[in-house]
Every structure is written in C-alpha cells, then in structure tokens.
Amino acid sequence: MLQFKELQQGQKLEPLVKPAVTKVQLVKYAGASGDFNPLHTDDAFAQSIGMPGVIAHGMLVMGFLGQYVMELAGTSATLTNFNMRFGAMTRPGDEITCLASVKKIYQEQAKQFVDLDLYAEKAPGKIVGFGEATLQLIEL
C-alpha cells in the first residue's frame, strides 16, 4: 500500500511478481472472460497460424496490472484512471513482473493525486504491457 507522504516523483515502487502463466490459467481466463479464441487455448491451432503455441489474453496481463495498482492503492487511495497498451506476447511459462514509478504528484480542488507509469514485463526489458494509472488519496 502506498504511503502518499513518502512518495517522490521518479520513485520506483515495490514490484508485484506473478507466478508463471499456465495453460490451465488461460483456459480458466477464457471461461471467465468469454474469449474462447483458440489462439489462447489450443496449441495445434496456434501453430497452424504460425505461432509457437498458445499466447495469453492481453486482458489477462491488464488484469495483473490492475491487481497491482489496487494493491498499491490499498485503503488509502481510489483509482480514478487506468489505461494500458499491449507489447510483446505472453506465453505459458512467462513470469510477469508488474512495475510502477511515480510520474507526478499533484493537487486539484484540494484533492491529492499521484500519476503512475506502469509496466508488465516477462523478463528485464521484455515489456508485455505498459500504461498509466491515477490514484486519489482518500481522506481518512
């Protein structure tokens, strides 16, 4: 959980490391999301279209980043903006590390905000997703 009073622009936050993606996880995500594209669940199909095998749903990676941001926010902040773009493909066996750095700390209308730059990578420098989030401090 973020300690707003200790944040500084440019600060890198504690990462979240997700366990390696599994094929079972992809099938479960297909069921939860309703996205049954065989590219995500059927190796033979994926190989027939030139892929080395199945790839993870991009929205699964977005879910990892969303989990990370909400864990950072904890009970001290609320999410006011979240967006992401997809980078490289995520495959079974890839361990995803979610990273954030403080882009900007500011006040608007007597409310305190922090903008975060977000990254999901499967290995150092191998970005599978990136984006931004804005958190608003909750007055307790």
Side-chain angles (χ1 to χ4, degrees):
M1 184 166 69
L2 292 179
Q3 300 298 320
F4 272 76
K5 293 178 181 179
E6 298 173 9
L7 293 179
Q8 297 177 12
Q9 188 170 329
Q11 179 180 352
K12 294 188 184 320
L13 303 178
E14 188 70 28
L16 170 68
V17 179
K18 298 295 291 180
V21 172
T22 68
K23 288 183 182 180
V24 169
Q25 183 178 29
L26 299 183
V27 171
K28 286 181 176 182
Y29 187 82
S33 68
D35 181 353
F36 293 100
N37 184 327
L39 176 61
H40 304 301
T41 59
D42 184 339
D43 277 318
F45 174 81
Q47 291 165 352
S48 77
I49 61 169
M51 305 297 288
V54 296
I55 62 170
H57 303 75
M59 294 302 288
L60 177 63
V61 174
M62 187 173 188
F64 293 162
L65 280 177
Q67 174 192 356
Y68 177 48
V69 169
M70 294 311 294
E71 287 181 9
L72 289 172
T75 57
S76 65
T78 185
L79 181 66
T80 63
N81 179 52
F82 177 60
N83 65 65
M84 183 190 147
R85 292 194 174 139
F86 304 108
M89 290 181 274
T90 301
R91 304 208 50 238
D94 289 342
E95 183 180 271
I96 303 300
T97 301
C98 299
L99 305 157
S101 62
V102 177
K103 181 176 183 178
K104 182 179 173 184
I105 302 168
Y106 58 99
Q107 285 190 345
E108 284 183 3
Q109 300 175 352
K111 296 177 183 175
Q112 187 172 355
F113 296 88
V114 60
D115 288 344
L116 302 174
D117 284 325
L118 304 172
Y119 302 92
E121 61 182 22
K122 61 183 178 181
K126 298 267 188 178
I127 304 293
V128 296
F130 59 95
E132 299 173 334
T134 301
L135 297 174
Q136 177 187 339
L137 176 66
I138 296 173
E139 297 295 328
L140 301 175

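Nearest heavy atom pair, residue Leu135 against residue Ala73, reads CD2-CB, 3.9 Å. Of all the heavy atoms in Val54 and Asp42, the pair that sits closest is CG1-N, 3.2 Å. Closest heavy-atom contact between Gly93 and Ala20: O-CB, 3.6 Å.
Remark: Leu60 CG to Lys28 NZ distance equals 12.5 Å, nearest 0.5 Å. Separation of atoms NZ (Lys18) and SG (Cys98) is listed at 7.5 Å; rounding is to 0.5 Å. Atom OG1 of Thr80 sits about 10.0 Å away from atom NZ of Lys111, to the nearest 0.5 Å. If you take CD1 on Ile105 and CD on Gln112, they are separated by 7.5 Å, rounding to the nearest 0.5 Å.
More than 12 heavy atoms of other residues, nucleotides or ligands sit less than 6.0 Å from atom CD of Gln107.
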- Item | Stepwise side chain to side chain contact (heavy atoms under 4.5 Å, CB included) check, Lys12 with Leu99 | CA-CA 8 Å; Lys12 294 188 184 320; Leu99 305 157; over 6 Å; no

- Message: Using side chain to side chain contact (heavy atoms under 4.5 Å, CB included), reason through Met59 and Phe64 one step at a time and then give a plain yes or no.
- Response: CA-CA 9 Å; Met59 294 302 288; Phe64 293 162; over 6 Å; no

- Message: side chain to side chain contact (heavy atoms under 4.5 Å, CB included) for Glu108 and Phe113? Distances and angles first, verdict last.
- Response: CA-CA 8 Å; Glu108 284 183 3; Phe113 296 88; 3.9 Å; yes

- Message: Under the criterion side chain to side chain contact (heavy atoms under 4.5 Å, CB included), I'd like the reasoning laid out for Lys122 against Ile96: C-alpha separation, chi angles, the key distance, then a yes or no.
- Response: CA-CA 5 Å; Lys122 61 183 178 181; Ile96 303 300; 3.9 Å; yes

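The hydrophobic clustering, which links ILVMFWY residues whose side-chain heavy atoms are closer than 4.5 Å, places Val128 and Phe130 apart. The same ILVMFWY cluster, assembled from side-chain heavy atoms under 4.5 Å apart, contains both Leu137 and Leu7. Hydrophobic cluster membership differs between Phe45 and Tyr29, with clusters built from Ile, Leu, Val, Met, Phe, Trp and Tyr side chains linked at under 4.5 angstrom. Connection of Val27 to Val21 is not established within any shared hydrophobic cluster, with ILVMFWY side chains joined at heavy-atom distances below 4.5 Å, either directly or through further cluster members. In terms of hydrophobic clustering, with Ile, Leu, Val, Met, Phe, Trp and Tyr side chains grouped at heavy-atom distances under 4.5 Å, Phe82 and Phe86 are assigned to a common cluster.
Between the His57 side chain and the Asp35 main chain, a donor and an acceptor come within less than 3.5 Å of each other. Between the side chain of Glu71 and the main chain of Tyr68, no donor-acceptor pair closer than 3.5 Å is present. Under a 3.5 Å cut-off, the side chain of Asn81 and the backbone N or O of Thr134 do not form any donor-acceptor pair. Between the side chain of Asn37 and the backbone N or O of His40 there is no donor-acceptor pair closer than 3.5 Å.
The shortest distance between side-chain heavy atoms of Leu2 and Leu13 falls below 4.5 Å. Within the 4.5 Å cutoff, side-chain heavy atoms of Phe4 are placed close to those of Ser76. Proximity of Pro52 to Gln47: side-chain heavy atoms (C-beta onward) are nowhere separated by under 4.5 Å. Proximity of Ile49 to Leu39: side-chain heavy atoms (C-beta onward) are separated by under 4.5 Å at one or more points. Between Val102 and Val114, some side-chain heavy-atom pair lies under the 4.5 Å cut-off. Two residues are said to be in side-chain contact when any heavy atoms from C-beta on lie closer than 4.5 Å; Val69 and Leu79 meet this criterion. In this structure, Met84 and Leu118 have side chains that are not in contact, with every pair of non-hydrogen atoms separated by 4.5 Å or more. In this structure, the side chains of Pro92 and Leu26 come closer than 4.5 Å at one or more pairs of heavy atoms.
One side chain, Tyr106 or Asp115, offers a donor N or O that lies under 3.5 Å from an acceptor on the other.
The one candidate from Arg85, Lys103, Lys104 that meets the salt bridge (Lys or Arg N to Asp or Glu O under 4.0 Å) condition with Glu132 is Lys103.
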